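A short worksheet on the structure shown next.
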Protein chains: 2
Amino acid sequence: MAERFERIQASPAYQLVADAIEREILSGRIQPGERIGTEAALVEQFGVNRSTVREGIRLLEQSGLIRRDSSRRLYASLPRYAKLASRISRALLLHEVTFRELYETTMALEVASVRLAAERITPPQLQAIADNLARTEAALDDPRILSELDTEFHALIAEAAGNRVLQLAREPTSLLIYPTTQVIFEGSPRGPSRLLEAHSRLHAALAARDRQAAGVWMERHVVDWRKGFERAGKDLDTPVERVYMDHVMVGGSRL
Amino acid sequence: MAERFERIQASPAYQLVADAIEREILSGRIQPGERIGTEAALVEQFGVNRSTVREGIRLLEQSGLIRRDSSRRLYASLPRYAKLASRISRALLLHEVTFRELYETTMALEVASVRLAAERITPPQLQAIADNLARTEAALDDPRILSELDTEFHALIAEAAGNRVLQLAREPTSLLIYPTTQVIFEGSPRGPSRLLEAHSRLHAALAARDRQAAGVWMERHVVDWRKGFERAGKDLDTPVERVYMDHVMVGGSRL
DNA sequence: CGGCTTCGTATTGTCGGACAAACAGACGGT
DNA sequence: ACCGTCTGTTTGTCCGACAATACGAAGCCG
């Protein structure tokens with residue numbers, strides 16, 4: 001039988017409420033920062049019960065388009081990158097992506113980031129990276145701190161690249177892959193010093209605005225991660241494990 | 001004044017309900033596909049009112065962790081890539097990212113994708129790309145169809161790369177950037193044939209499993225997009241316009 | 001005996017109303 | 001100008017109710 005009718009979808013009222021409000025925001029008729037009407041007002045506008053309005057609001061609340069300030073009042077809002085990235089990380093985790101997939105993606109994104117950063121980095125950003133480097137040098141014997149500094153280092157570079165799309169694209173992968181350095185370093189005496197050297201070289205390349213060198217060193221650095229990962233007895237083709245995912249947030253607090 | 005106390009956050013009950021369920025899913029205690037208890041059961045377990053439970057469920061529903069099948073019953077679910085990508089696109093749109101940011105990111109991700117695809121593409125995937133190519137050739141005078149085929153072409157390559165992380169990373173950017181080809185081609189007589197040539201070359205490189213050639217041609221292809229964009233009188237540093245965003249979905253239907 | 005229909009029950013979607021807590025803004029006192 | 005108080009508003013939570021729909025079991029017919 002031919003497809004005579006297109007599929008009819010009877011969405012519940014709360015969904016329609018959410019869609020209507022979302023449309024207002026996406027189309028720009030409600031500016032970010034502007035207040036959404038009170039529940040009572042929405043009840044009147046939509047002609048539905050307050051419970052229904054509230055359920056619709058909950059749908060949007062999670063998507064980041066709506067935010068509550070201290071007073072619990074609702075404002076239209078720009079979705080926060082950190083929240084989005086965390087959400088994507090969780091999705092990748094649930095889909096059981098492999099470390100190989102993370103590795104390949106990280107390679108592409110980090111190299112692209114550092115090459116752009118070499119062109120655009122500002123003195124304060126360079127200074128921030130130097131600070132990170134100093135702290136890294138002081139924490140060579142603490143894998144936990146080292147792993148956090150490593151994450152920060154790459155985030156700083158991404159920021160210096162001056163590209164928010166690239167920044168958002170790399171963040172979820174970064175959240176999943178960098179925590180593993182902690183485990184890698186716990187059984188690798190030479191690992192920390194190799195990390196420090198790579199970071200130093202990257203900093204130098206950035207300071208010299210040497211796009212080419214920055215890219216090459218980043219590539220080596222990421223390859224080094226893979227080698228360390230394999231040396232730690234892990235297989236690239238195993239799915240990301242939940243164990244590492246301390247930092248994946250749920251409702252503002254750690255999982 | 002020093003930060004003496006850490007910020008105290010009193011989350012509403014519906015938020016706690018949502019967090020609790022989310023934790024169950026993320027930790028694996030509830031498997032994807034498994035049913036979430038009925039509202040009545042959750043009311044009993046959490047000791048809160050049904051309205052509260054429902055609001056909590058709405059929070060999760062939007063995040064894709066929970067899905068309703070035809071019967072409206074709730075199942076734990078893996079977040080859909082398409083939905084996530086669409087959501088990210090919308091966020092980028094609201095943040096008014098520039099075409100330059102999209103361009104740079106696309107360059108990195110598409111080149112990486114095609115290089116991997118050259119190694120891993122399977123005969124059926126190659127065939128799908130050949131089909132796309134044939135349809136492209138038949139639609140050279142219709143910018144609208146051409147733009148859709150272009151989007152599909154690159155999605156096929158990303159799929160052939162066999163990397164879900166990379167695939168998800170490029171999807172949001174792709175959703176924003178490829179629709180512009182329609183506008184570009186409307187004033188560019190030679191554009192469509194250039195697109196076809198690039199796609200043909202890419203297909204040939206993939207068929208030959210030539211990683212290097214595939215990367216080079218993709219790079220040229222993306223640069224070509226930029227040139228066309230500028231030739232159409234547009235500035236790379238302008239924010240993405242909502243006008244192009246027909247395909248950004250809200251609640252299952254187009255915006 | 002198997003397939004189909006029918007009917008009762010379970011579950012969700014929506015509604016109405018109610019109340020406590022927290023907040024914003026106005027008011028008045030010092 | 002600063003401080004505390006008061007009041008109306010807004011949100012969070014609860015209770016109860018009912019219609020629509022889906023599911024599952026019982027019954028019917030071939």
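Per chain, numbering begins at 1; letters A, B, ... match sequence-line order. In this text, all values refer to a predicted model and were calculated from it rather than measured experimentally.
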Picking from C/dG13, D/dT13, C/dT11, the nucleotide nearest the side-chain atoms of A/Arg54 would be D/dT13

Here the pair of heavy atoms bringing B/Ala128 nearest to B/Leu156 is O-CD1, 3.8 Å

Correct closest heavy-atom pair for B/Arg87 and B/Gln62 would be NH2-NE2, 2.9 Å

The answer to which of A/Tyr14 and B/Thr38 contacts DNA chain C further toward the 5' end, by nearest nucleotide, is B/Thr38

What is the distance, rounded to the nearest whole Å, between atom [atom1] of [X] and atom [atom2] of [N]?
{"X": "B/Gln15", "N": "D/dG12", "atom1": "CD", "atom2": "P", "value": "11 Å"}
{"X": "B/Leu42", "N": "C/dG13", "atom1": "CG", "atom2": "C1'", "value": "16 Å"}
{"X": "A/Glu39", "N": "C/dC15", "atom1": "CD", "atom2": "C1'", "value": "15 Å"}
{"X": "B/Leu74", "N": "D/dA22", "atom1": "CG", "atom2": "P", "value": "15 Å"}
{"X": "B/Arg35", "N": "C/dT12", "atom1": "CZ", "atom2": "C1'", "value": "11 Å"}
{"X": "A/Arg73", "N": "D/dT9", "atom1": "CZ", "atom2": "P", "value": "12 Å"}
{"X": "B/Arg68", "N": "D/dA20", "atom1": "CZ", "atom2": "P", "value": "19 Å"}
{"X": "B/Glu55", "N": "C/dT12", "atom1": "CD", "atom2": "P", "value": "16 Å"}

Taken in chain and number order and not counting sequence neighbours, the residues that satisfy ring-ring contact (aromatic ring centres under 6.0 Å, His included) with B/Tyr178 are B/His154

By ring-ring contact (aromatic ring centres under 6.0 Å, His included), A/Tyr81 pairs with (sequence neighbours left out) B/His95

Q: Apply side-chain contact (heavy atoms from CB on, under 4.5 Å) to A/Arg120 and A/Gln125, showing your working.
A: CA-CA 10 Å; A/Arg120 297 177 185 162; A/Gln125 289 170 333; over 6 Å; no

Interatomic distance, OG1@B/Thr151 vs CD@B/Glu171, rounded to 0.5 Å, equals 9.5 Å

Polar pairs (N or O, both sides) under 3.5 Å between protein and nucleotides 17-21 of chain C?
| residue | atom | partner | partner atom | Å |
| --- | --- | --- | --- | --- |
| C/dA18 | N6 | A/Arg50 | NH2 | 3.2 |

Heavy-atom donor-acceptor pair, A/Thr180 side chain to A/Leu176 backbone, under 3.5 Å: no

Need one value for A/Arg58: base, sugar-phosphate or nothing, where a base atom within 4.0 Å counts as base even if backbone is also close, heavy atoms only. sugar-phosphate

Notebook entry, point to check: Counting only side-chain N and O atoms of A/Thr52, is one of them less than 4.0 Å from OP1 or OP2 of C/dG13?
Noted result: no

